[in-house]
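First the proteins, then the strands, lettered A, B, ... as listed; each starts at 1. Just so we're clear, the structure is a prediction, and the values are computed from it rather than from any experiment.
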Amino acid sequence: MNNKRALAVLLLIICFFVALIVRLFNIQIKEHANYKAAAERQQNSSVKLKAERGLIKDRNLEVLAYTQNDVSIYADTRMLSASERGTIASKMSKAFKKSKDHYLNLINSASGNICLEEKVLMNKIEELNKPYIDGFFISEDFTRKYPYGSLASHVLGFVSEEKEGVAGIANYYNDELKGIDGIKFIENDVIGRTVSVNDRLTQRPQQGNTTILTIDYNLQKILEIELKSGLKEYQGEWAVGIIMDPNDGEILALANFPDYDPSNYNLFDNSSLRNRAVTDTYEPGSTIKPIILSILFEEKLANENEIINTENGVYSINKVKIRDTHKFSSLSVSGVLKHSSNIGMAKLSSRVQPDVFFKYLRNYGFGNISAIDLPGEAAGLLKKPTHYSVVSQPFMSFGYEISVTPIQLITAFSALINGGYLYKPHLVKSITDPTGNVIREFKPERIRKVVSEKTSDRIKKLMLKAVEEGTGRNARLTNVFAGGKTGTSQKLVNGSYSSENYNSSFIGYFPAEKPEYIILVLISSPKIGKYGGYVAAPVFKNIAQQIVESDILIAPDENKIKQMRRPIDAVLVDIKKESANPSVFATSNLSPESNNNQKNNSSFTPGIMPNLINDSMRDAVSKLNNAGIEYKIIGSGRVVSQSIQSGSKINKGLVCLIKCESVKNISNLRIN
Amino acid sequence: MKNLVRIILTLVIILTVFGAVMVFTASSTYSAEKFNSIYYLFKSHLWKVIGALTALVIVSMIPYEVYKKHSKYMLLGTILILVLTFFFAQKFKGASRWIDLGLIRFQPSELAKLVLIIHLAAFIERKGELIQDYKKGFRLALVWIIIVCGLIFIQPNASTSMIIALIAFSILFVGGARIKHIFFTAGTAVVTGLGALMLFPHSRSRILSFFESLNSGGESNIQVMQAKIGLGSGGFFGVGIGHSRQSDLFLPESYGDFIFSILGEETGFIGTFIVLFIYLALFFIGLIIAKKAPDTFGQLLGFGFSFNIIINAFINAGVVTGLLPTTGITLPFISFGGTSIILFSMSIGVLVNIAKQTLHKQELTLYQV
C-alpha cells in the first residue's frame, strides 16, 4: 500500500467531512429559524372553535332557545379514489340506514366538497366509526334549537347560517349571546390528521351568556293560542298581541300572526317574519281617547259629568264630517268615552292648546321609539303643532292623523293606568353567564311622569265603565273587573280611508282598581265584524280569563261582579225589549251577544250557540245536539275553543269547530 | 492493536444501537399507518441487527487470506448473480436491483462491491509492480471493474455503479497504479457514464433537477426539501429523541436513506457532528489497521472496506443535506435496510480479523527474536 496516497485519500475524506460539517452548520444553526418556521407551517394548523351560543330562557327559567352541537359530514371528491369512495359509502350507509348507492351517487355527482349528512347528532359519529381517509371529514355544525317551535318566535328572533342573530332578542343581544370563539392549535401529520393539540396556545371557546326574558312561557302560550284562534275566527289578515306589566314595563308576552318557525326561518316570507308589534305603525282609532281625555283632566279642562252636545251623530268642522257609530244628541264626558263618541272627543280636544296637546302626546311616548330591546323599531308619526290643520287635533283625538306602534300604545296606556309613570318597555330581565351568575340586570326604567295619579284613577274609572256598560262589553270578565277601550280605525289604502279594511283593537287591563296586567289585541282587516269591541275584545277576554285563573295573586271578585251586573243587565234587557233607544245599539251585531255573554252554562236556547268552553267533550256534544248545531271536533279532552262565539245566532249550514285539549295540557298552563 | 479492535467494535455498536433507536422513532408512524403496529419495521430491523452482529463475529474469525485464494471465483459468481438479477429480479421503482431469497431481500450490487474490493486487493498483490504497466496490469483490473459496474449500471443503478467505480479506482490509486492511467480511464468513464445516465429517465431527471437547484437555489425534490426542514428544525440540540415531527410522514422513507435528517432533527447539530465524526474515526482506525497489515492484500482489503464505509456514509449525508444529487445509498449501521447493515458488519468483521492476524504475526516475530 502506498502510504502517501492513502494519506491523500484521508485528506480528501477530511475535506469531505469539513464540507459536510459546514453544510450542516448552515442548515442546522444558521438557518435554523427559517427551517423551523417552515416545519411549523406544515406541521401545525389552527382551527377556529365556534363558541356555543347562549341560552334564552323565560322569566321562570324555562329554556326557549338553546344550541345543539351537531356535526356535518363532508367528502372532498378531489381527494378520493374509487375504492375510498366505496368505503365511505358503505360506512355511511351502515350508520345512516340509507342505501350505499345513495352515497356513492352523491359523491360521484360532486366535483369538489359535498355534504353527505347535515347536522347529525354527535353520537352518530361514534356509530359511523369513521375511517381515516383523506378528504372524508367531519365538521362541527351547531344547530339552534327552539323547544317550543314557533312559540315567541318574534321575540326570540332567529340565527343565520353564520351563527349571527338576525332578528328579535337573538339580534339585539347578539354580542351577549354569541360568546367568544376559541382557537385550537393542532400538530398534524402530512395528511393533516391531528397528532396532538397544543394546549398552551389553544383558547377554549367561551359559551355565550344566558338571556333571561321577562316573557312568561305560560302567558305567551295563552296569548298565542287565543290570538291565533281569534285571527282565524274573524278571518283577519294579521294580528298582534302584547301582554305587559303596566307597573314596570316588563313585556310578559308578545305575539304576531302570521308567525314563523325560527329553525326554518328561510321557509317564511317577510310578512311572517315581521315583528309588527314594533315595526308596524297604525292609526290607533278610539283606543287613544282615554289618553286624550287624561290631558283634559290633567289640565282641568273637563270633568266627568259635564254634558257635551254630540249632535246626533254627525258634526262638521270646516266641511269635514265627523260621524259617530252610536248616535246621541248629548253625552256626559264619561259617556263620550263609554260610547266612544268621536264628536264628543273632537269637541273636547279643541279646548286644549295645540302645543300642550302635542307635549302630552310626546310625553306619552308617541312619535318616538319606545327603546324596547328589539331591533327595527318604528317611531310612528306625531304631527308637530306647526303642521296641524284645522281638523288635525280633532282627528287625533279619536285616533287618526297619528300613527303608533302597538308597543308604543301599550306603553302609553300603562302610564295612563299606573298612576302616570311612563316606563321603558323591556324584554330582558337579566343576563347571566353560562353558570348562572348574573352579569347584567335590567331594572324597570321610569322615564317620566306624564299625568297625576288622580287623573290616572279618574280615567281608570271611565274605562271600567266602558267595559262594563259601553263598547267594551265583550271584554267583561266573570271573575275580576277589567277596564279598557276598544278601537276601530279605517285603514289607509292608497291614500284614502277604506270602508272595508279596519284595524280592530282592544286594549284592556285588570284588576280594574290596581292593574297587574295590560293586554293589547290588534286584528287587522277582519272579514267578520269590524269593530274592536266585537273582534278584539273577546280575544282579550279569553286571554284575561285564563290569566286570572292561573294567577293566584289576583283575588277573584265574582260576588261583587254579580251584584253590580245584575241590575245593569236587567236594565239592558229591558232596554232591548222595549227598543227604547235604538241608537244605543246602532250596530245590530253588537247587541245580541251583549246580554247573552253571561249566560248560564246549563241553559241554552235553540238556535243560539251555547257556551262550551271548559265542558267535557261529551257534555259539549250533547249540548250541540240539543241545540241542533252541526259540529266538528279537533283533539280530545276539555273544550278550549269554539269557532262560533257563545250567544251568536246559528245560521243553518254553519258548522261549529270545537277544539279540545286534554286536562293535562290545560293544567300545564296553570303551573305558574 | 487490541485497543484499536476494541474502539472499532465500540464505535460500531454505538452506531448500531443508536441506529436502531433512530429507526424506531423514524418508522413508527409509517409502521402504524401501513401495518397497524408502531413496532413493525423496528422489529424487522432488530432481527437484521442481530444477524449483522452475528455475521460480524463469525467473519472476524475467518482468516482473511481465505478470500484471497477464492477471490476470482467469488467475483465470477457475483457476476453471474448480477446477470441473473438483471433478467429475473423484480422490477422495483423502475430498476431490478433486488433478489428475493425468501428469507431476506438481498441487493446483489452491495455484495458485488465487497467482492470486487477483495478481488482488486488480491489482483494488485499478485501483480506487484506490474500494476504500473497498463497492458500487463492496469488494463486487466479495468476489465473486472467495467464488467461489474456495467452490469450494475444497466440494472439500472447508476449511482451505485459510480460509487463502486470510485472505490475501485481509489484502491488502484492506493495500490500503486499510475495516476495518469487512473485519470484517463476515470475521465473516460465519467464522460461515458454521464452520457449513459441521460438515457435513463429517472436518473436524467434527478441530475437535471439537481443542477437546476444549484442554479435557482430551490430544492431539487420534495424529499430533500423535507430532509432539510428536518435537519434545520433540529437546531443545535435537536428536538429530543422521539420528538421528530418530520417522521410523521412529512419526509418519505424517513427510516431508510433519509434517516440522517431525522437524526439531525432529534439530536441537532451535536448529533450529526458526532455521528459523522464516528464515521471519520472508523475510517481512520481502518487506515491504521490497513497500514499495519502484514501483506499488501490485507492492507488494500482494509483500506477498501474502510473506504467503502465512509464513502457510503458521507455520500448519504451529502445527499440528505442537498450537497449531492439524490441516490439510493444507505447510512451504514443506522439506516433501515436489509443487506446494508449485514454487509457493513461483515466488512467490520474482516477489519477485525486483519487486526487480529497482524497482532498474531507481531507476536510470532517477537518470539522469533
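If you measure heavy-atom distances from B:I310 to chain A, the contacts under 4.5 Å come from the side chain alone. Contacts between B:L276 and chain A at a heavy-atom distance below 4.5 Å involve backbone atoms as well as side-chain atoms. For B:F297, no part lies near chain A; criterion is any non-hydrogen pair under 4.5 Å. In this structure, no portion of B:E125 lies under 4.5 Å from any heavy atom of chain A. For B:I311, the part lying under 4.5 angstrom from a heavy atom of chain A is the side chain only. For chain B, the nearby parts of A:I21 are the backbone and the side chain; heavy atoms of each come within less than 4.5 Å. Both the backbone and the side chain of B:F277 come within less than 4.5 Å of a heavy atom of chain A.
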Margin query: Pair A:L24, B:F260 - check side chain to side chain contact (heavy atoms under 4.5 Å, CB included), show working.
Written below: CA-CA 11 Å; A:L24 282 169; B:F260 190 65; 3.9 Å; yes
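Environment of CZ in B:F284: sparse, with no more than 12 heavy atoms of neighbouring residues, nucleotides or ligands closer than 6.0 Å. The 12-atom threshold is exceeded at CZ of B:F35, counting heavy atoms of other residues, nucleotides or ligands nearer than 6.0 Å. Other residues, nucleotides and ligands place more than 12 heavy atoms under 6.0 Å from the NZ atom of A:K119.
Across all non-hydrogen atoms, the minimal contact from A:I13 to B:F314 is O-CE2, 3.7 Å. Here the closest heavy-atom approach between residue A:F16 and residue B:L324 is recorded as CZ-CD1, 4.2 Å. For A:Y35 against B:S233, the heavy-atom pair with the smallest separation is CB-N, 3.8 Å. Residues A:R5 and B:L172 share a closest heavy-atom pair of NH1-O, 4.4 Å. The two residues B:T321 and A:I27 come nearest to each other via the heavy atoms O-CD1, 3.7 Å. Contact record, A:A38 with B:I229: CB-CD1, 4.0 Å, taken as the closest heavy-atom pair.
Ranked by heavy-atom pairs under 4.5 Å with chain A, the first of B:G230, B:A317, B:G318 is B:A317. Taking B:G268, B:A293, B:A313 one by one and counting their heavy-atom pairs under 4.5 Å with chain A, the maximum is reached by B:G268.
Between B:K228 and A:R23, some side-chain heavy-atom pair lies under the 4.5 Å cut-off. Inter-residue side-chain proximity for B:F283 and A:V9 is flagged as met; some heavy-atom pair is nearer than 4.5 Å.
In this structure, CZ in B:F273 is found 11.5 Å from CG in A:L20, a value given to the nearest 0.5 Å. Atom CZ of B:F269 is separated from atom CD1 of A:I29 by 4.5 Å, given to the nearest 0.5 angstrom.
Here the side chain of A:Q28 pairs a donor or acceptor atom with the backbone of B:L231 at under 3.5 angstrom.
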